[in-house]
Number of protein chains: 2
Amino acid sequence: MRRTAEDAAQTKQAILDAALKVFSKKGYHAARLADIAQYAEVTRGAIYHHFGNKEGLYGELMATASSTGSQIVGGAVAQGGSIADVCQRILVDTFSVLETNSQMRAIMSLWMFNTSEMLKLETFKEQLRQQTVSVIDDLAIHMQTGIEQGVLRDDLAPHVAARAFIAFQNGVIRLWLMNPNAFSIKEDAEALATVLMRGLIGG
Amino acid sequence: MRRTAEDAAQTKQAILDAALKVFSKKGYHAARLADIAQYAEVTRGAIYHHFGNKEGLYGELMATASSTGSQIVGGAVAQGGSIADVCQRILVDTFSVLETNSQMRAIMSLWMFNTSEMLKLETFKEQLRQQTVSVIDDLAIHMQTGIEQGVLRDDLAPHVAARAFIAFQNGVIRLWLMNPNAFSIKEDAEALATVLMRGLIGG
DNA sequence: ATTATCATACATACATGATAGTATGTATTT
DNA sequence: AAATACATACTATCATGTATGTATGATAAT
């Protein structure tokens, strides 16, 4: 029952969508390919055809996830302003979007929670490590210029500032994802972001 | 080959120690009871005898882990000082101890990473949720008095301050655990803590 | 344009391995 | 003697991966 190329692409996307839901909900090991297949309304055969194996499926998922992340950052940078403005905007945007966009929420859950499960796969660990390092390094360069321009505190080491930023962002996201009913991350986004930024902005 | 009661307690502890190592390294699902047994130099029979099943073993582990956490907080509070001093101390202490104490590192790994894997077990999820809520609530009360005393910024909502604090702490710990070679969390502990505290302290 | 051929997109069924759990045996302690 | 603290051996389950089947779209030959 071969379908046309378009149909095939559609099925592949359906599998990816289903995988995102199931992986983010159950974790890597607990998620069964049978679950994903059922959710996508195909059989496991389709999954093996398109992705080779479970790890391959997960890998493609993570690739799209990480590209989404850099997309947000790119958008915030494009709006211009000082490094402080950009950082504030990134925090507020990432916090807010979680509450409104369920797909984004699933992606974040995936990379917040499942990631850790995957750290035993050395290839994954290394890939993630590299990725994090480069994000921090990039950010540190911007922090450096911010410091030189007097926008950020001059007693701040650029890398420390960058790590504080990423840690705070991830921490807030994780805290909220663990219990979304505890508070509204969208309503508190501005206030939370301000706490961290006040620690970075020169005064 | 029954051993004396003392011996039994000793083997039970050995199993817990082994479980901490294996769980924190491999995750819940990937960790095999056979591994844990081998590491503890017993057979799986001993595990089933003392803990009933895999989930029981994990449960007891987490119980000791959470008690360790509140122990650190208790210690920092006992040393006195303003809420700002206490918070700074908690951050610096928790950051520093990670690098020096491998057992603490394993416990943190467990609760940072494996926790998420366990969130599908509803009992666990609820337990963890309650725990987090109460930690935040407690902290918020202290933040409140800090605000009233003028130690912390007066435009800060107590719960926002509390969540920012916990999020930052967890975020830094997680960031470092994911890649301990990227930087020395002990050396940067003071600087990192200062960033967050400057965002909270009134000026 | 029709047909023969091949490649694609899956479904189905089976093989394999791994691991949790159980049942039972046994040596000590109490 | 009865319960404890395990070890050993066995069972059952389950999920991945693979091998194979099949219907159909794509493509080239005639």
Side-chain angles (χ1 to χ4, degrees), chain A residues 1-62 114 117-118 120-124, chain B residues 1-62 114 117-118 120-124:
Chain A
M1 305 176 178
R2 181 192 180 199
R3 325 303 303 271
T4 178
E6 264 182 58
D7 289 340
Q10 204 171 319
T11 339
K12 183 170 180 178
Q13 189 57 44
I15 293 171
L16 281 171
D17 291 346
L20 177 59
K21 288 196 183 180
V22 178
F23 276 136
S24 67
K25 186 176 176 185
K26 299 240 215 176
Y28 180 78
H29 287 282
R32 290 163 303 185
L33 292 183
D35 293 342
I36 295 172
Q38 187 179 358
Y39 213 99
E41 294 180 317
V42 294
T43 64
R44 291 187 310 125
I47 297 178
Y48 282 98
H49 176 69
H50 283 290
F51 303 98
N53 57 23
K54 189 176 183 178
E55 198 177 328
L57 173 56
Y58 191 83
E60 283 214 28
L61 249 193
M62 287 305 286
N114 283 91
E117 226 181 313
M118 301 304 291
K120 60 162 192 143
L121 298 178
E122 277 306 319
T123 71
F124 237 87
Chain B
M1 304 171 177
R2 180 190 179 196
R3 327 302 304 271
T4 177
E6 262 181 60
D7 290 341
Q10 204 171 317
T11 40
K12 182 171 181 179
Q13 189 56 44
I15 292 171
L16 281 170
D17 290 347
L20 177 59
K21 289 198 183 177
V22 178
F23 276 135
S24 68
K25 186 176 176 185
K26 300 242 214 174
Y28 180 77
H29 286 282
R32 290 162 303 184
L33 292 183
D35 293 342
I36 295 172
Q38 188 180 356
Y39 213 99
E41 293 181 317
V42 295
T43 65
R44 291 187 310 126
I47 297 179
Y48 281 97
H49 175 70
H50 282 290
F51 303 98
N53 57 23
K54 190 176 183 180
E55 198 177 327
L57 172 57
Y58 191 82
E60 283 214 28
L61 248 195
M62 286 305 285
N114 283 96
E117 225 181 314
M118 300 306 290
K120 59 163 193 141
L121 297 179
E122 279 305 320
T123 72
F124 237 87

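Lettering follows sequence order; numbering is per chain, from 1.
The side chain of A:A8 sits closest to C:dA9 out of C:dA9, D:dT18, C:dA20. Listed nucleotides: C:dT19, D:dA7, D:dT18. Nearest to the side chain of B:T43: D:dA7. Across D:dG17, C:dA11, D:dA5, the shortest atom-to-atom separation from the side chain of B:H49 is found for D:dA5. Distance from the side chain of A:V42 is smallest for C:dA11 among the nucleotides D:dG17, C:dA20, C:dA11. Minimum atom distance to the side chain of A:T11 is reached by C:dC10, of the listed C:dC10, D:dA15, D:dG17. Set against C:dA11, D:dT16, C:dA18, the side chain of A:A46 has C:dA11 as its closest nucleotide.
Rounded to an integer number of Å, the gap from A:K54 NZ to D:dC14 P is 15 Å. Atoms NE2 (A:H29) and C1' (D:dT16) sit 13 Å apart, rounded to a whole Å. Here the P atom of nucleotide D:dC6 and the CZ atom of B:R44 are 16 Å apart, to the nearest Å. Atoms OH (A:Y58) and P (D:dT16) sit 15 Å apart, rounded to a whole Å. Between A:F51 atom CZ and D:dT18 atom C1' the separation is 19 Å, expressed in whole Å. Whole-Å rounding puts the A:D35 CG to D:dA15 P distance at 8 Å. Summarising the geometry, the separation between OH on A:Y48 and C1' on C:dT16 is reported as 12 Å, rounded to the nearest angstrom. Counting to the nearest Å, the P atom of C:dA18 and the CG atom of B:L33 are 16 Å from each other.
Looking only at side-chain heavy atoms (C-beta outward), B:H50 and B:E60 stay at 4.5 Å or farther from each other. Two residues are said to be in side-chain contact when any heavy atoms from C-beta on lie closer than 4.5 Å; B:K54 and B:Y28 meet this criterion. Within the 4.5 Å cutoff, the side chain of A:V42 has no heavy atoms near those of the A:I36 side chain.
Note on ring orientation: taking the six-membered ring where Trp is involved, the planes of A:Y58 and A:F23 are perpendicular (angle over 60°, cut-offs 30° and 60°).
Among the atoms of the strands shown, only primed sugar atoms or phosphate atoms (P, OP1, OP2) are found under 4.0 Å from some heavy atom of B:A31.
At the phosphate of C:dA9, neither OP1 nor OP2 sits under 4.0 Å from any side-chain N or O atom of A:H50.
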